[in-house]
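Please read through the structure below; I'll follow up with questions.
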Number of protein chains: 2
Amino acid sequence: MENSELFQFLKNTNDSFFNSASSSFALPAPASTMQHSFSGSFSLYPLELDSPSHHQDKALAALRNHKEAEKRRRERINSHLDKLRTLLPCNSKTDKASLLAKVVERVKQLKQQISEITESEAFPSESDEVSVLSPSGDESGGDGRMLLKASVCCEDRDDLTRDIIEILRSLRLKTLKAEMATLGGRTRNVLVVAADKEHSADSVQFLRNSLKSLLERSNSHERSKRRRTMNRKFLP
Amino acid sequence: MENSELFQFLKNTNDSFFNSASSSFALPAPASTMQHSFSGSFSLYPLELDSPSHHQDKALAALRNHKEAEKRRRERINSHLDKLRTLLPCNSKTDKASLLAKVVERVKQLKQQISEITESEAFPSESDEVSVLSPSGDESGGDGRMLLKASVCCEDRDDLTRDIIEILRSLRLKTLKAEMATLGGRTRNVLVVAADKEHSADSVQFLRNSLKSLLERSNSHERSKRRRTMNRKFLP
DNA sequence: TCAAACACGTGATCC
DNA sequence: TGGATCACGTGTTTG
């Protein structure tokens, strides 16, 4: 506080000045900083400890350390931001605030995607079900690809898989992962499919409706074929 | 640049000064800023346009806008950082750099998990395979329960699932999750089973050997039943 | 010209 | 005390 004027004076001097071996000032100080100077022919501080120049040196060294530490801190933060820029689908020109906003959304998306995939009902239930949901909200990372998770649970029949494939093909959906479990003549198909840019939110409805019609076709079948190839001992 | 001394002088004045209706300075300016003052009794700028005070007002207004905009920018960035703090497993005291480092790691981890799930070998391959491994090293959390992930890929046959169940039952392994996929007459079963304290590392070998014998039994079957109910269009 | 975004140096604060 | 972090106001650059 008491040295702020001195600091102000030295504000724009470069570091080569500080790096010099001299322990006293080579430049004239402004009047306001001369308060500690003295005119006697002998030193009041023979050991140069606690002398004004010593105090000033220490203060300047502290200020320089402070400045450099702060620069390192900024560089550390910015390097992490740069890493995030490479991890996200965005060019390197996006500003910090927008970048962080995207990061927030992306982390939310990914967490939800994980939980929805891992908490899937692996086994067929007794009731017919169709569900289509996009775990990643609207977009899965701005690369224009939307992930959909479709699930069909119904009575098993031979041509079910073929029908599902045809539906996905007609909707131009790419299958990333398919999971099929059968239990007691019933089956559950869980599909992770990718929709391109060309797909709209309507594609979700289309897929849902197509799968539901599939389900009605299953129900019209005779239920006599039902056979229990898996029993409940298989479950925990 | 030419106004830096003026700005320097006004550096520590608070905003209430700028908010006052006065269009001229209420405080005396230092000598270095008086270069624009004049002593005549008539104004050189009758309309007060392009007058020094006008310039100063504009400069001060710009400076104030700049200051406030910068503050808003900081707040925007920090609010996003706070959101990230709530999204990550870390308390609110972690500093910015460490927080961002954690965010980088978390995003990488989540992306990795997603790709592992969606790119997992969900489909049966053309070669027979058996694998038994404990994903969590030796112990799954120190509760004495060891998790095993067993995978069997072979020609499909009706009694395969029944045989697998019998193996697990004889080894007293509890099935936590089962995943079965069929493609072109071949099948892949992925089982997540839990071993108790009573199980030793030998159980892994027992299970592996049992599943391999299962595989040999499959190979002795005739291959004529092979039917392609799924084609490669199903894959991405 | 004007607004937005950035890096910088500094004072304050907390172990 | 010193070291680390933060918010702040400022100068500069870019569109």
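By convention in this document, chain letters (A, B, ...) are assigned in the order of the sequence lines, proteins followed by strands, and residues within each chain are numbered from 1.
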Pick the nucleotide of DNA chain C nearest each of B/K58 and B/E70; which residue has the one closer to the 5' end? B/K58
Could you give the CG-to-C1' distance, from A/N65 to D/dT1, as a whole number of Å? 14 Å
B/H80 and A/A97: which non-hydrogen atoms are nearest, and at how many Å? ND1-O, 3.2 Å
Identify the two heavy atoms, one from A/H199 and one from A/R172, that lie closest to each other, and give their separation to 0.1 Å. CE1-O, 3.3 Å
Salt bridge or not between A/R73 and A/E70? Use side-chain N to carboxylate O under 4.0 Å. yes
Working to the nearest 0.5 Å, report the span between CG of B/L207 and CG of B/L173. 6.0 Å
Between the CG atom in B/L191 and the CG atom in B/L148, the distance rounded to the nearest 0.5 Å is 10.5 Å
Contact under 4.0 Å: A/R73 side-chain N or O vs D/dC6 OP1/OP2: yes
note: A/R64, atom CZ; C/dC8, atom C1'; distance rounded to Å ~ 17 Å
B/K83 NZ: over 12 foreign heavy atoms closer than 6.0 Å: yes
Report yes if some heavy atom in the side chain of B/N78 is under 4.5 Å from a heavy atom in the side chain of B/K96; otherwise report no. yes
Whole-Å distance between D/dT12 C1' and B/L63 CG? 14 Å
Between CD of B/E68 and C1' of C/dA5 the distance, given in whole Å, is 17 Å
Close residues, residues 75-87 of chain A, relative to DNA chain D [heavy-atom separation under 4.0 Å]: A/R76
From B/D202 atom CG to B/Q205 atom CD, the distance as rounded to the nearest 0.5 Å: 8.0 Å
Do the side chain of A/H66 and the base of D/dG3 come within less than 3.5 angstrom through a donor-acceptor pair of N or O atoms? no
To the nearest angstrom, how far is A/K67 atom NZ from D/dG3 atom P? 17 Å
A/L99 versus A/C90, closest heavy-atom pair with distance: CD1-SG, 4.1 Å
Does B/K71 place a side-chain N or O at less than 4.0 Å from the phosphate oxygens OP1/OP2 of D/dC8? yes
Output the residues of residues 93-103 of chain A in contact with DNA chain C, where contact means a heavy atom of the residue under 4.0 Å from an atom of the strand; sort by number or write none. A/D95, A/K96
Classify the side chain of A/R74 versus the base of C/dG9 as yes if they form a donor-acceptor pair under 3.5 Å and no if they do not. yes
